[in-house]
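Letters A, B, ... mirror the listed sequences (proteins, then strands); counts begin at 1. Keep in mind that the numbers below use all heavy atoms, side chains included, and drop hydrogens, waters and symmetry copies.
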2 protein chains.
Amino acid sequence: MASDTLSLVFGALADPTRRALLLRLAEGEATVAQLAAPFSMSQPAISKHLKVLECAGLVTRSQRGTARLSRLEAEPLRDATAWLARYQHFWQESHERLDELLAALQASHGAPALSPGTTRKTVQRTRNTTQRRGA
Amino acid sequence: MASDTLSLVFGALADPTRRALLLRLAEGEATVAQLAAPFSMSQPAISKHLKVLECAGLVTRSQRGTARLSRLEAEPLRDATAWLARYQHFWQESHERLDELLAALQASHGAPALSPGTTRKTVQRTRNTTQRRGA
DNA sequence: GTACTCTATAACTATCTAGTTTTAGAAAGA
DNA sequence: TCTTTCTAAAACTAGATAGTTATAGAGTAC
């Protein structure tokens with residue numbers, strides 16, 4: 001894979017096991033054993049996935065006794081989101097805000113433990129975005 | 001790679017060539033030859049990248065004469081953004097809105113042709129998000 | 001020091017990836 | 001029809017990826 005940061009981050013996210021690990025880590029730090037528990041996969045396999053996440057900057061690690069704690073680092077996810085957001089106006093037809101979209105998505109297929117508590121009210125604002133599409 | 005949609009999308013984005021293709025397609029439809037021009041890479045290589053993008057649902061194609069037009073489909077990017085946004089409150093320390101962050105990013109390292117025209121004003125609002133972090 | 005626990009590394013396999021060059025096929029033009 | 005243009009497919013290569021089992025090493029407890 002390409003070694004630039006964005007490629008590493010997207011590459012790390014391109015695996016359901018690693019995405020699941022991130023979701024778990026969003027609840028708090030965890031040891032390798034704790035992280036491996038839900039998966040029908042060997043411990044070294046999980047260690048490798050953690051290494052991929054670490055290389056992408058999505059996880060940092062510390063020692064606690066004989067165990068190693070993994071901790072979520074969300075910074076790179078911001079960069080990834082920023083990249084994606086350039087395309088926002090291609091799919092956001094009605095210009096609703098991202099967190100409102102999110103709220104809707106969560107309402108439709110079950111809110112994960114992570115989500116903010118309440119849906120916020122729509123804020124009306126003008127927008128002079130030039131919609132350029134087509135050749 | 002895993003075959004679920006999200007994995008395909010993130011996997012497609014995990015390559016700088018493919019991200020560049022998407023950026024180009026954001027300006028409008030293009031033929032394979034047009035897309036291949038800026039790259040020092042063979043035409044079949046570009047065709048393969050386009051196939052990856054197509055499999056991820058990021059591109060649809062149509063025929064025009066002897067050429068094939070590729071068109072950006074941003075829908076899957078919304079899903080990817082939605083996944084990422086679950087981590088928003090991990091990096092969005094001061095709770096600024098995504099598009100404001102974007103504006104700042106664009107201001108700092110050069111606005112791409114894609115971006116909305118103006119930075120919008122900060123809207124003050126309350127937020128009762130429960131910040132849950134740590135074990 | 002010895003035993004135990006937790007995790008990383010080594011070594012290996014199978015599969016996927018990204019690229020190449022060459023070739024075939026489809027559509028348009030003369 | 002014959003030629004040209006544009007793109008996809010075939011066949012191949014090198015290297016990365018995701019998993020395995022077995023083992024080594026580091027830290028704690030005794």
J.: Using whole Å, what does the distance between atom C1' of nucleotide D:dT17 and atom CG of A:L8 come to?
T.: 14 Å

J.: For the side chain of A:Q63, counting heavy atoms from C-beta on, which of D:dT7, D:dA18, D:dG27 is nearest?
T.: D:dG27

J.: Going through the distances and angles, do B:E54 and B:K51 end up as a salt bridge (charged side-chain N to carboxylate O under 4.0 Å, His left out)?
T.: CA-CA 5 Å; B:E54 193 177 11; B:K51 193 170 194 175; over 6 Å; no

J.: Figure out the CG/P separation between A:D15 and C:dT17, and round it to whole Å.
T.: 12 Å

J.: Would you indicate, yes or no, if D:dT17 has its OP1 or OP2 atom less than 4.0 angstrom from a side-chain nitrogen or oxygen of A:H49?
T.: no

J.: OP1 or OP2 of D:dC6 sitting under 4.0 Å from any side-chain N/O of B:R68?
T.: no

J.: When we call it a touch if two heavy atoms are under 4.0 Å apart, what does A:R64 touch: a base, just sugar-phosphate, or nothing?
T.: nothing

J.: Checking contacts here: which listed nucleotide (D:dA9, D:dT7, C:dT7) is nearest the side-chain heavy atoms of B:A33?
T.: D:dT7

J.: Between C1' on C:dA18 and NZ on B:K48, what's the gap in Å once rounded to a whole number?
T.: 7 Å

J.: Report yes if at least one side-chain N or O of B:S47 is closer than 4.0 Å to OP1 or OP2 of D:dA8; otherwise report no.
T.: yes

J.: Does B:S7 reach the main-chain N or O of B:S3 with its side chain, forming a donor-acceptor pair under 3.5 Å?
T.: no

J.: When we call it a touch if two heavy atoms are under 4.0 Å apart, what does B:T31 touch: a base, just sugar-phosphate, or nothing?
T.: sugar-phosphate

J.: Between C:dA18 atom C1' and B:L50 atom CG, what is the distance in whole Å?
T.: 14 Å

J.: Could you tell me the separation between the CD atom of B:Q34 and the C1' atom of D:dC6, rounded to a whole number of Å?
T.: 12 Å

J.: Which part of the nucleic acid, if any, lies within reach of B:K51 when heavy atoms closer than 4.0 Å are counted: base, sugar-phosphate only, or nothing?
T.: sugar-phosphate

J.: Looking at C:dT20, I'd like to know if its phosphate oxygens (OP1 or OP2) sit under 4.0 Å from a side-chain N or O belonging to B:S42.
T.: yes

